[in-house]
Number of protein chains: 2
Amino acid sequence: MNIISENTAFGGMQGVFSHESQVCGTEMTFAVFLPPQATERPCPVLWYLSGLTCTHANVMEKGEYRRMAAELGLIIVCPDTSPRGADVPDALTDWQIGKGAGFYVDATEEPWSRNYRMESYITEELPALIAKSFRVDMDRQGIFGHSMGGHGAMTLALKNPGRYKSCSAFAPIVSPSTSAWAQGAFTKYLGADQSVWRKHDACALVEDGARFPAFLIDQGKADNFLEDGLKPWLFEEAVKDTDIDLTLRMHERYDHSYYFISTFMDDHLRWHAERV
Amino acid sequence: MNIISENTAFGGMQGVFSHESQVCGTEMTFAVFLPPQATERPCPVLWYLSGLTCTHANVMEKGEYRRMAAELGLIIVCPDTSPRGADVPDALTDWQIGKGAGFYVDATEEPWSRNYRMESYITEELPALIAKSFRVDMDRQGIFGHSMGGHGAMTLALKNPGRYKSCSAFAPIVSPSTSAWAQGAFTKYLGADQSVWRKHDACALVEDGARFPAFLIDQGKADNFLEDGLKPWLFEEAVKDTDIDLTLRMHERYDHSYYFISTFMDDHLRWHAERV
């Protein structure tokens, strides 16, 4: 693991690191915030998955999570959204496919399947590295994210309810199978058979029996992507008549930006701290 | 005034605007955060002056001021650090002179004097525009900034104690006349006669009799620029035997970055709210 930067913040440390990923077959970069409590004892860890076009850096710079994470004693890990590098396939004219658009799935189709294995990376390889490198209590993990990263957090939680104790999302893509934002990437990564897509779709997972205790979702009503890409009411519909406890909050005037995310970040960190 | 962007955040609104500046002879961009209270009554305003290489955007994205400003009911204005545009002179090979390095002075030397009039811009033209465009209580103004912007905030406060009720700084250049960071720009903008520089140097202003009630200064001990460019102990020395109340806090492990600024932002906003 290489140290790219380390900066003291809120009594803790915001670091950026890179490593050679075996799973993705390329160098991967990620950010870790260690709260001051991590110098004394293993702390719970939250995985923050970012949205389309982002790297590890966007939420690290604009998400405003450090003050509350330092107060609550939470480690925050922010991975990249896809593999990177000259040898990694890309769709240069489509920001919804390729670099910056990994969708947190393991691609099965060529040429994507060589590098685009973000599900295994986020749930296996990176946690092993984090557990080895920092004082982390791996029995206390939560996962959250924004937009494509909200999709990632919700699907990975539904598929790994024993691993994650809490899940929340900002403006998530809850139904990528029917979302204009995700169908292109799913076709490229997973093939045209839409029955395969159901394992990577929060609404379909619930319909097919997957369960997770509770979700917090915040969504801005002035989000330009609400009707086309996000449609949180589809998840509300999916969890009806299940024992899944969904808190869906719709906010007047808020859009899809980090100004929205940072406004509700404290609430999400408290949600996780109460559950991990 | 043109609206570049408006985003809801923390119940208020983060805007970015531009206008044709008569003083600087070019289009200027600035950011304004309006707290939720500004829809009900005129609110106090804080001017945040940024450091070398920055625009209005850096602190807007990374400064983490919105949550506390919304709580305290403070309007935050973040101007650019220099004039911009194809016709504005620049020093392409020196980041400490020209664009991004206005130093909050009115240049007297050609070719800089045509556009580099940041002192008049910050203290006259922009306040008039802000007062006209937003619900601001102009009897309640404070000023703060980082590095070169800390220099700007402190010198403008010392020269305008009737206008500003509060002043604070993160890692300010307190003595530009003796700072490796500022001597080049001062020579270009103000000429070689160093007696003129004293009107733009916080330490010299105090030595020459300028007064302001109180300053809060935070400084990281791991700041790479501490010994060469910043030297806050020179200001501590200058205010000794005056009635200026200086709170200088030196912080172990903190550097010159926005991770440092954001950590202590809440304290600065409270400092101003108690005084404006």
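Reminder, nothing fancy here: chain letters follow the sequence lines and each chain counts from 1.
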Inset, instruction - Could you tell me which portion of A:Q14 (side chain, backbone, both or neither) has an atom closer than 4.5 angstrom to a non-hydrogen atom of chain B? - result: side chain

Legend entry - Rounded distance (nearest 0.5 Å) linking atom CE of B:M60 with atom OH of A:Y259: 3.0 Å

Inset, instruction - For atom CD of A:E40, decide whether the heavy atoms of other residues, nucleotides or ligands shown that lie under 6.0 angstrom number more than 12. - result: yes

Inset, instruction - Report the distance from atom CZ of B:R253 to atom CE of A:M13, rounding to the nearest 0.5 Å. - result: 9.5 Å

Legend entry - Nearest non-hydrogen partners of A:T263 and B:F10, listed with the distance: OG1-N, 2.9 Å

Inset, instruction - Please round to the nearest 0.5 Å and tell me the distance separating atom CE of B:M265 and atom CZ of A:R67. - result: 13.0 Å

Legend entry - Portion of B:N7 that has a non-hydrogen atom of chain A nearer than 4.5 angstrom: both

Legend entry - Any donor-acceptor N/O pair, B:Y258 side chain to A:E61 backbone, under 3.5 Å: no

Legend entry - Heavy-atom proximity to chain B below 4.5 Å, by part of A:F260: backbone

